[in-house]
2 protein chains.
Amino acid sequence: MIDKCLCKLISEEEIDKILGQLPTDDTIAKLAEFFKVFGDPSRLKLLYFLSRSELCVADLASLAKMGQSAVSHQLKTLRLSRFVKTRKEGTVVYYSLEDMHIQSLFDVALEHIGEEV
Amino acid sequence: MIDKCLCKLISEEEIDKILGQLPTDDTIAKLAEFFKVFGDPSRLKLLYFLSRSELCVADLASLAKMGQSAVSHQLKTLRLSRFVKTRKEGTVVYYSLEDMHIQSLFDVALEHIGEEV
DNA sequence: CTCCTATATGAATGTATGTTCATGTATAGG
DNA sequence: CCTATACATGAACATACATTCATATAGGAG
């Protein structure tokens, strides 16, 4: 854990300042959880479809070419992280996006990987 | 895979349009890889420190309270996904951010999880 | 009440991933 | 050369995670 070096590119005061402004472990953990949700192709697909239309579970499974159970599990993840919301109608559960920041996230990511959508 | 329902909330034409505009599997995979990099607390910490200063491996390990090997492994991940770049000086390797979109990513994420940095 | 459909969920399984440990490589100093 | 330092890397291990399978729940149709 304790490595030498201390390259002295920056001063002690600067180090203290950087450490002082370091987000708490809790905030960092939440940030990681946030991004982890987007780190799976299946979830990204589901989010894409939901960005285009409110959809029920079966239709999401059909569009994403995934099993119903897999979709349901992933939607649970998306629900718990508050990216999607649900509306129930009889036995059908309709999912839609809760958070509209998603598109801007994708924009930054696509720019980085150099794709023109 | 083939589930029933077809809730008909949207028309066939709309479905075709949505499927037609679906990014390729390759693009989706790259997007997921992009976000996966941010889905780990250790890497987030390292990126935070690098967003404040160019730093060598040992100092990063010291700041992040991580082992040198762990830091080196994670820096490799960050290098391969082109988030950081290196500069060598003797035996010391200095890392710095390659990509400046990172801060805007964090802003969106922090807004979502409801933290005031 | 009974059956069917839509969805959720728990257990099991295979795979991916982060850290550690041991070691390899490269460079500076004596 | 020889040694020490800085960093990289491969194997091993433990954990996390995505999917599947089987089953549970809940609501509508008859």
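Heavy-atom basis, side chains included; hydrogens, waters and symmetry copies ignored. Please read all numbers here as calculations on a predicted model, not as lab measurements. Residue numbers start from 1 in every chain, and the chains themselves are labelled A, B, ... in the order their sequence lines are given, proteins ahead of strands.
- In this view, B/Asp25 and A/Lys45 satisfy the salt bridge (Lys or Arg N to Asp or Glu O under 4.0 Å) rule, not counting sequence neighbours.
- B/Leu75 places its CG atom 11 Å from the P atom of C/dT19, with the value rounded to the nearest Å.
- Qualifying salt bridge (Lys or Arg N to Asp or Glu O under 4.0 Å) partners for B/Glu13, counting only residues two or more places apart in sequence or in other chains: none.
- Residues satisfying the side chain to side chain donor-acceptor pair (under 3.5 Å) criterion with A/Glu98, sequence neighbours excluded, are absent altogether.
- At whole-Å resolution of the value, CE in B/Met66 and C1' in C/dT20 are 11 Å apart.
- Contacts classified as ring-ring contact (aromatic ring centres under 6.0 Å, His included) and involving residues 11-34 of chain B (residues at least two apart or in different chains) are given here: A/His112-B/Phe34, B/Phe34-B/Phe38, B/Phe34-B/Phe83.
- When the salt bridge (Lys or Arg N to Asp or Glu O under 4.0 Å) test is applied to B/Glu33, the partners found at least two apart in sequence or on another chain are B/Lys36.
- The side chain to side chain contact (heavy atoms under 4.5 Å, CB included) search around B/Ala32 returns A/Pro41, A/Leu44, not counting sequence neighbours.
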Identify the pairs formed between an N or O of the protein and an N or O of nucleotides 26-30 of chain D at a distance under 3.5 Å, and give each distance.
none

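- One interatomic measurement links the two molecules: CD of A/Gln74 to C1' of C/dA8, which rounds to 14 Å at whole-angstrom precision.
- Partners of B/Arg79 under the side chain to side chain donor-acceptor pair (under 3.5 Å) rule, at least two apart in sequence or in another chain, are B/Tyr95.
- Taking atom CG of A/Leu46 as the reference point, atom P of C/dT7 lies 13 Å away to the nearest angstrom.
- Counting to the nearest Å, the P atom of C/dA6 and the OH atom of A/Tyr95 are 15 Å from each other.
- Checking side-chain atoms of A/Tyr94 against main-chain N and O of A/Val57 turns up no donor-acceptor pair under 3.5 Å.
- Rounded to an integer number of Å, the gap from OH of B/Tyr94 to C1' of D/dC7 is 13 Å.
- The separation between A/Leu78 atom CG and C/dA8 atom P is 12 Å, rounded to whole Å.
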Footprint string (nucleotides 9-17 of chain C, 5' to 3'): B base within contact, S backbone only, - free, heavy atoms under 4.0 Å: BB------S
